[in-house]
Amino acid sequence: MTLSVCLIVKDEEQVLRRCLNCAAKFADEIIVADTGSCDSTVEIAKEFTDKVYFFKWCDDFSAARNFAFEKAGCDLIMWLDADDVITDENCEKIIRLKENFENYDMAVLPYAAGFDNGEPTFVYDRERIFRRSGNYKFSGAVHEAVTPCGRILHSDAMIYHKKIKSSEPMRNLRILQKQIALGKPLDERQKFYYGRELLFNGMYREACAVLEDFLNGSGWVVNKVEACLNLHSAYSCLGDETSALGALLRSFLFAPPQSQACCILGGYFFDKGEYTSAIYWYRQALHAPSEEKNGGFVNRDYCGFIPNMQLCVIYDKLGDTVRANAYNTAAGRIKPHHESYLYNKKYFENKLGLRGNIDD
């Protein structure tokens, strides 16, 4: 099957060539919709495709995405951002994916948006490739998305979102507030993201009000779990520890405890010197189910590295050096070059006299 790769761009001369070099390895057609660049973005795009179009920006990312999709002519359509990067290995996976797409309508791929020494740490699934005949459409002025439906293929071909420049400050918040001012009601998903934008921009009381309202609605369960974590952050910034803890525990009403919530609870008890409770929650974090395949935001550090390191610290404080070393070794298997692991490794080598055998 053939594949159209669609991008919407504006002033992306720093990263666009990097992205299109990746896309050219598997795309049968590249569509670029420019929304008003003042740099050399358009000229760079024309190095890779003659299908460069111009879209008058209207504060609506879905409208721009759908415009680009309408220009696609292949069997399948894939979207990318200009600052996305795809390794050769993952390019090969996408080639194989499009060759074996006959029994599917859309494909969901992991999206890595946070990194530590080049390794993905913040990952979530995104709907990425669609059968053109399905007439799929994006919705949402910001944080636009396509509602998953039909026969869905879950692939492990990962896209890396590697930003170089910062986004326009408060852009997303401005767009959402414009929608509200125009009398356009926010759906549940947009309400969730509106609360997050308020949080990220330091408007904590407003964020709490919007997120509390979202939790009382009919939104997606995965978003409700994340909203509870966001509420915990907002209430914490307001100095309301009781409400913050309540928001965190409320997440358990929607899904089994997730690793991040468990680590936050572990930290809560650690700070109080209640190590038995802290150990319980950090261990829970190590065994919590991942939300990656459910579309949730997942910081992988909370799934392994952070709880192992914290358990190392706690057991060392309790005088159980052997067990503390075991947890540090487990953390080192995840991040063998991390300075905290390496510092602890030397510490335990000296303390236990196990130099040369500590990782056996």
Side-chain angles (χ1 to χ4, degrees), residues 2-74 76-92 94-95 98 109 111-115 118 120 122 126-130 132 137-138 140-146 157-176 178 197 200:
T2 57
L3 175 66
S4 299
V5 173
C6 298
L7 296 87
I8 58 173
V9 298
K10 181 182 179 182
D11 295 332
E12 300 287 5
E13 64 180 7
Q14 291 179 288
V15 294
L16 183 58
R17 187 176 285 109
R18 181 185 69 178
C19 176
L20 293 181
N21 274 324
C22 298
K25 296 173 183 177
F26 53 78
D28 299 286
E29 174 185 66
I30 294 174
I31 306 290
V32 177
D34 185 81
T35 64
S37 294
C38 297
D39 62 6
S40 61
T41 292
V42 171
E43 289 73 21
I44 293 170
K46 288 181 177 179
E47 295 175 14
F48 293 85
T49 180
D50 60 354
K51 296 181 178 179
V52 178
Y53 302 93
F54 298 92
F55 178 82
K56 185 176 180 180
W57 183 242
C58 58
D59 280 343
D60 189 331
F61 282 91
S62 283
R65 295 264 187 220
N66 292 332
F67 171 83
F69 269 30
E70 289 166 4
K71 303 297 182 182
C74 292
L76 306 174
I77 309 175
M78 176 181 187
W79 66 272
L80 288 174
D81 283 339
D83 42 14
D84 288 343
V85 179
I86 310 172
T87 65
D88 287 343
E89 178 185 1
N90 285 309
C91 285
E92 288 294 327
I94 293 171
I95 291 171
K98 72 175 187 175
L109 277 61
Y111 203 18
F115 304 88
F122 184 69
R126 280 301 309 266
E127 65 289 356
R128 180 67 63 173
I129 301 175
F130 312 89
R132 185 167 64 91
K137 300 290 185 183
F138 282 89
V142 297
H143 300 294
E144 68 282 7
V146 176
M158 185 175 289
I159 312 296
Y160 289 16
H161 190 58
K162 295 224 169 182
K163 298 182 71 169
I164 290 180
K165 65 178 183 179
S166 300
S167 301
E168 174 191 339
M170 299 186 74
R171 178 197 65 191
N172 292 344
L173 182 61
R174 173 181 58 78
I175 292 174
L176 288 168
K178 178 181 177 180
E197 291 295 339
F200 299 155

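All residue numbers refer to positions in the sequence shown, counting from 1.
Note that CG of L80 is 8.5 Å distant from CD1 of I129, once rounded to the nearest 0.5 Å. For the atom pair CZ (R171) and CD (E197), the distance works out to 8.5 Å, reported to the nearest 0.5 Å. Annotation: the span from M78 atom CE to S4 atom OG amounts to 12.0 Å, rounded to 0.5 Å. The distance from atom CD of E43 to atom CG of L16, rounded to the nearest 0.5 Å, is 11.0 Å. Atom OH of Y160 and atom CZ of F115 lie 6.5 Å apart (nearest 0.5 Å). Here I77 contributes atom CD1 and F130 contributes atom CZ; the two are 8.5 Å apart, rounded to the nearest 0.5 Å.
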Could you pull out every donor-acceptor pair under 3.5 Å between side chains of residues 45-58 and any protein atom, sequence neighbours left out?
| residue | atom | partner | partner atom | Å |
| --- | --- | --- | --- | --- |
| E47 | OE1 | R17 | NE | 3.2 |
| E47 | OE1 | R17 | NH2 | 3.4 |
| E47 | OE2 | R17 | NH2 | 2.8 |
| T49 | OG1 | I30 | O | 2.7 |
| T49 | OG1 | K51 | N | 2.9 |
| K51 | NZ | E29 | OE2 | 2.4 |
| W57 | NE1 | D59 | OD1 | 3.0 |

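When the salt bridge (charged side-chain N to carboxylate O under 4.0 Å, His left out) test is applied to R128, the partners found at least two apart in sequence or on another chain are D84. Applying the salt bridge (charged side-chain N to carboxylate O under 4.0 Å, His left out) criterion to K162, with sequence neighbours excluded, gives no partner residue. The salt bridge (charged side-chain N to carboxylate O under 4.0 Å, His left out) test applied to K163 returns no partner, not counting sequence neighbours. The side-chain contact (heavy atoms from CB on, under 4.5 Å) check on M170 picks up L173, N201, M203, with sequence neighbours excluded. Judged as a salt bridge (charged side-chain N to carboxylate O under 4.0 Å, His left out), and not counting sequence neighbours, the contacts of K98 are D28.
Under the 3.5 Å distance criterion, the side-chain polar atoms of R132 are matched with a main-chain donor or acceptor of C74. Counting only distance, with no hydrogens or angles, the side chain of W79 and the backbone of E127 share a donor-acceptor pair below 3.5 Å. The backbone N or O of N90 lies less than 3.5 Å from a partner atom in the side chain of T87, making a donor-acceptor pair.
For the residue pair K25 and C91, the shortest heavy atom distance occurs at CD-SG, 4.0 Å. Annotation for F67 and A33: closest pair CD2-CB, 3.9 Å, computed over non-hydrogen atoms. Of all heavy-atom pairs between S62 and E144, the closest is OG-CB, 3.1 Å. Here the shortest heavy-atom pairing between K137 and V146 reads O-CG2, 3.6 Å. The shortest heavy-atom contact between V5 and A27 is CG2-CB, 3.5 Å. Taking every heavy atom of both residues into account, M158 and A112 meet most closely at SD-CB, 3.7 Å.
Comment: D81 engages R65 in a salt bridge, judged by a side-chain N to carboxylate O separation of less than 4.0 angstrom.
Within the 4.5 Å cutoff, side-chain heavy atoms of I159 are placed close to those of I94. Here the side chains of I86 and F26 are in contact, with some heavy-atom distance below 4.5 Å.
Screening K10, E12, E13 for a side chain to side chain contact (heavy atoms under 4.5 Å, CB included) with D39, the sole residue that qualifies is E13.
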Problem set entry | Intermediate values then yes/no, side-chain contact (heavy atoms from CB on, under 4.5 Å), D83 and H161 | CA-CA 6 Å; D83 42 14; H161 190 58; 2.8 Å; yes

